[in-house]
Amino acid sequence: MGAGPAGLNAAITAAEHGANVLLVDENKQLGGALTFHRFDVDREHTDDMLSALTYMVLNHPKIRVMTDAVCNAWYADNYLPVLTGNRMYKVRAKQCIVASGEFEQHVVFRNNDVPGAVLCSAAMRLMKHYAVKPGKTAVVLTGNDDGYLCAVELAEQGVEVASIIDMRQAPVRHEVHDCVESLGIPVVLGATVYEATANQHHLDSVDVYAIDDAHKVTEKVATIACDLLCMSAGYMPAYQLLCQAGAQLTYDDNTARFAIKNLPDNLHIAGSVNGIHDLEKVLADGQRAAYRCLQLLNLSELGGQEVVCDRQTNFPWPIFPHPKGKDFVDFDEDLQTKDIINATRLGYRDIQLVKRFSTVGMGPSQGRHSALATARLVAKATDRTVSETGVTTARPPYTPEKLAYLAGRIFNPVRKTPMHERHERLGAHFMPAGAWRRPAFYGEKSHRDALIQQEALAVRKNVGIIDVSTLGGIEIYGPDAPEFLNRMYTFAFVKQPVGRTRYAILTNEQGVVIDDGVACRIAEDHYYVTATTSGVDAVFREMKKWNAQWRLDVDIANVTSAFSAVNVAGPNARKVLEKVCNDVDFSPEAFPYLEYREGHIYGMPVRLMRVGFVGELGYEIHMPTLFALKIWDILMSAGEAFDMGPFGVEAQRLLRLEKGHIIVGQDTDGMSHPGELSLTWAIAKAKRFMWVRALSTS
């Protein structure tokens, strides 16, 4: 995660040794800080490196790239929810490298929130990403050498740099100081901006004051006119995901450096989040993390060399409280230094309590720019170190999530039966049935009502075929299968003969009808039960839940996807089936109503049920989904001699309404008992089942 130089190099190294890599970057463009940050005086070297790394990543067959995507949390065993667009991808990684980088920190002084006061990184992003000139005359306030590089970038882009205000006594990298001098940019050492002033709601000038060795303001040095103030007090690692994994963020008060420790074995860090800032060392650290992952995956015996933390980037105390206030620690919540200090004086010594009392870190930025300053203020006010104080707990999610992510799918999944293409060729108009798409009717939409009547009339007087593959299917195996069904459904199933079907009603605890179907007894210990299209998942879930309590000796399997089905109905239905299924006797005496048979259509196994949802002679043919399309074509071919055509859901509903057969969920609601639906005949009152008491009062 993270596609800066460390992340890119880690991905390339891992992929070249045979690992399958998923590279997740929250930005639209790969490269992270390489795309805007100036790592050295010579920017051309950085641009060439970005092009080379990006080309290698995008053209490697083992690297999948997700840009504009956010890994929004870390859960046990590297379970990672990745958000992009309107989707949440659930990723499970064997090894994970976090190269999330750092957040630049602001300096605390009076009016540090006026328009025109920005972070150095913000100014460079505006120039590099958007070709926006952030101001005409700039002052750079810094506590590290990166501020000097920002000044160089500003000057090259046509911004006049009035001065660099360095809170330190001297820069560390002499080459950047020499470059600044060659550009004629004045530098004030050991000083800070103490107050910014605004004219017409925009930055107008800054007051510069000297600071002593204890980082306290002493005397005024100058007032500098400017409309842009770029500041950098240092950086704080993007630690949130890592701390969610149980890592600990530590801070050395003497060097003002962070470290992240106690990472899980399958989680690694690289680059600036690991305290590495020199570009070459950042690349090396990405390679080191990749080799560690490869070792744990048994893909390489090589071990990358440890990279030593190189230079100090954080100024130890960039906080300069002003007696007039407006020295903001948290821009989201408008919290000043006095608000944090007053919280500790009121007894809130713990950083978590300070957060809850003051609301610091509760705004949109979630403490990314206020956590370090708050920890420093609390530590000083309570006479402790920042390590002892710590920072507020990082909890998922990392960024705000849409309610739709939490509520369910933003997109609508679509399921199609194996015969979907055949329906399209026949001119079907589809309607939703749960997640499925079913033919509503066939033919021109302008003749909808007439076509539905024709389809229904064909079933009444001749024969028709309908795709019912969306029906749910559940297999019940085991010695206790009869007892299990006896407890679940209202009818009696213990004495149901093998080879017979039985109508099955399922009710809830209140005796309300929640599903229905047909139970076929295939053997003494084997039932095949159908359920409604939209209800099968809930029925299966209820069966598993109750048997976890009953502990009956049964296996329950949802085979909805494994089986497809069609219904051939009408006076000539028997004639159609007799042409294609020779190993079953379809005579009324041999295959009476509600019987179950097994046979073959051209060698393909089928389950046959003589049931009548539409009120006419009808047979449901259930077959393995693998053979469904072939069997549909065979039946359609056999039905040509009888002018058999397909009929849709609308005709089926019309026919069942004439018969008086209910559709659960359409003719019922959350109060419908069997007695209200004229289904008392389907209740075996002499046997015990789950909700017999509720039904006895219905």
Side-chain angles (χ1 to χ4, degrees), residues 102-114 117-120 139-144 147 165-169 188-196 206-221 229-236 251-258 312-345 348-349 351 354-355 358 360-361 363 365 367-392:
E102 296 178 306
F103 300 116
E104 193 167 30
Q105 302 296 299
H106 67 279
V107 182
V108 178
F109 54 88
R110 176 169 167 78
N111 292 330
N112 60 348
D113 68 330
V114 298
V118 300
L119 295 171
C120 288
V139 169
V140 177
L141 173 61
T142 186
N144 53 51
I165 312 299
D166 194 339
M167 294 180 285
R168 304 169 299 173
Q169 295 302 318
V188 180
L189 298 173
T192 185
V193 171
Y194 191 39
E195 182 177 0
V206 295
D207 291 340
V208 180
Y209 280 67
I211 55 177
D212 58 21
D213 293 339
H215 309 126
K216 292 183 178 179
V217 171
T218 57
E219 59 183 1
K220 186 174 181 178
V221 175
L229 173 63
C230 301
M231 52 184 163
S232 176
Y235 303 91
M236 188 173 189
Y251 180 81
D252 188 333
D253 290 83
N254 295 321
T255 62
R257 285 177 176 169
F258 286 97
Q312 184 172 341
T313 57
N314 285 0
F315 189 72
W317 190 263
I319 303 171
F320 308 100
H322 198 284
K324 294 182 180 180
K326 290 193 175 181
D327 40 14
F328 291 100
V329 174
D330 190 329
F331 299 118
D332 298 334
E333 301 294 307
D334 285 343
L335 294 172
Q336 307 168 42
T337 55
K338 64 182 180 181
D339 298 314
I340 307 302
I341 295 171
N342 286 340
T344 63
R345 289 173 178 171
Y348 299 100
R349 292 172 53 86
I351 194 75
V354 171
K355 174 181 179 179
S358 67
V360 64
S365 67
R368 288 168 176 79
H369 302 304
S370 61
L372 177 54
T374 302
R376 284 167 165 163
L377 287 168
V378 173
K380 184 176 181 180
T382 58
D383 196 24
R384 290 180 292 174
T385 65
V386 172
S387 289
E388 291 172 334
T389 302
V391 294
T392 54

Roughly how far, to the nearest 0.5 Å, is the CZ atom of Phe315 from the CD1 atom of Ile211? 4.0 Å
Given 3.5 Å as the limit, does a donor-acceptor pair link the side chain of Asn112 with the main chain of Phe328, or not? yes
Donor-acceptor contact below 3.5 Å, side chain Arg110 vs main chain Gly325: yes
Verdict with reasoning, Lys380 to Ile319, per side-chain contact (heavy atoms from CB on, under 4.5 Å): CA-CA 11 Å; Lys380 184 176 181 180; Ile319 303 171; over 6 Å; no
Specify the closest pair of heavy atoms between His369 and Gln105, including all atoms of both residues, with the distance to one decimal. O-OE1, 3.5 Å
Minimum heavy-atom separation for Arg376 to Ala256, with atom names? NH2-CB, 4.5 Å
Keeping Asp330 on the side-chain end and Val360 on the backbone end, is there a donor-acceptor pair under 3.5 Å? no
With a 3.5 Å distance limit and no angle check, can you tell me whether Ser358 reaches the backbone of Asp339 through a side-chain donor-acceptor pair? no
Does Thr192 form a side-chain contact (heavy atoms from CB on, under 4.5 Å) with Leu141? I'd like the steps, not just the answer. CA-CA 7 Å; Thr192 185; Leu141 173 61; 3.9 Å; yes
For the atom pair NZ (Lys326) and NZ (Lys338), what is the distance rounded to the nearest 0.5 Å? 10.0 Å
Rounded to the nearest 0.5 Å, what separation is found between the CG atom of Asn314 and the CG atom of Leu372? 6.5 Å
Do you know which two heavy atoms are closest between Pro321 and Thr337, and how far apart they sit? CB-OG1, 3.8 Å
List the atom of Val386, the atom of Ala379, and the distance in Å for their closest heavy-atom pair. N-CB, 3.8 Å
To the closest 0.5 Å, what do you measure between CG (Asp327) and CG (Asp113)? 10.0 Å
Quick one, Ile340 and Val378 - any side-chain contact, counting heavy atoms below 4.5 Å? yes
Under a 3.5 Å distance rule, please check whether Arg384 uses its side chain to pair with a backbone N or O of Arg349 as donor and acceptor. yes
Nearest 0.5 Å please: distance from the OG1 atom of Thr382 over to the CG atom of Leu377. 10.5 Å
Listed by chain and number, what are the side-chain hydrogen bond (donor to acceptor under 3.5 Å, both in side chains) partners of Asn111, not counting sequence neighbours? none
Do you know which two heavy atoms are closest between Ala233 and Met167, and how far apart they sit? CA-CE, 4.4 Å
Show, in sequence, the C-alpha distance, side-chain angles and deciding distance for Phe109 and Leu229, and conclude whether the side-chain contact (heavy atoms from CB on, under 4.5 Å) test is met. CA-CA 12 Å; Phe109 54 88; Leu229 173 63; 3.4 Å; yes
How long is the straight-line distance from CD of Gln312 back to CG of Asn254, given to the nearest 0.5 Å? 10.0 Å
Apply the test side-chain contact (heavy atoms from CB on, under 4.5 Å) to residues Phe320 and Val107: give CA-CA distance (whole Å), side-chain angles for both, the deciding distance (0.1 Å), then the verdict. CA-CA 8 Å; Phe320 308 100; Val107 182; 3.8 Å; yes
Plane angle bin for His106 and Phe331 - parallel if under 30°, tilted between 30 and 60°, otherwise perpendicular: tilted
Side-chain donor-acceptor pair present, Asn144, Ser232, cut-off under 3.5 Å: yes
Quick check: are there more than 12 heavy atoms from other residues, nucleotides or ligands sitting under 6.0 Å from CG of Asp212? yes
If you look at every heavy atom in Val329 and Gln336, which pair is closest and at what distance? CG2-C, 4.0 Å
Counting N and O atoms only, with roles assigned by atom type, does the side chain of His215 sit under 3.5 Å from a partner on the main chain of Pro318, one being a donor and the other an acceptor? no
Is it the case that Ser365 and Asp332 place a side-chain donor and acceptor less than 3.5 Å from each other? yes
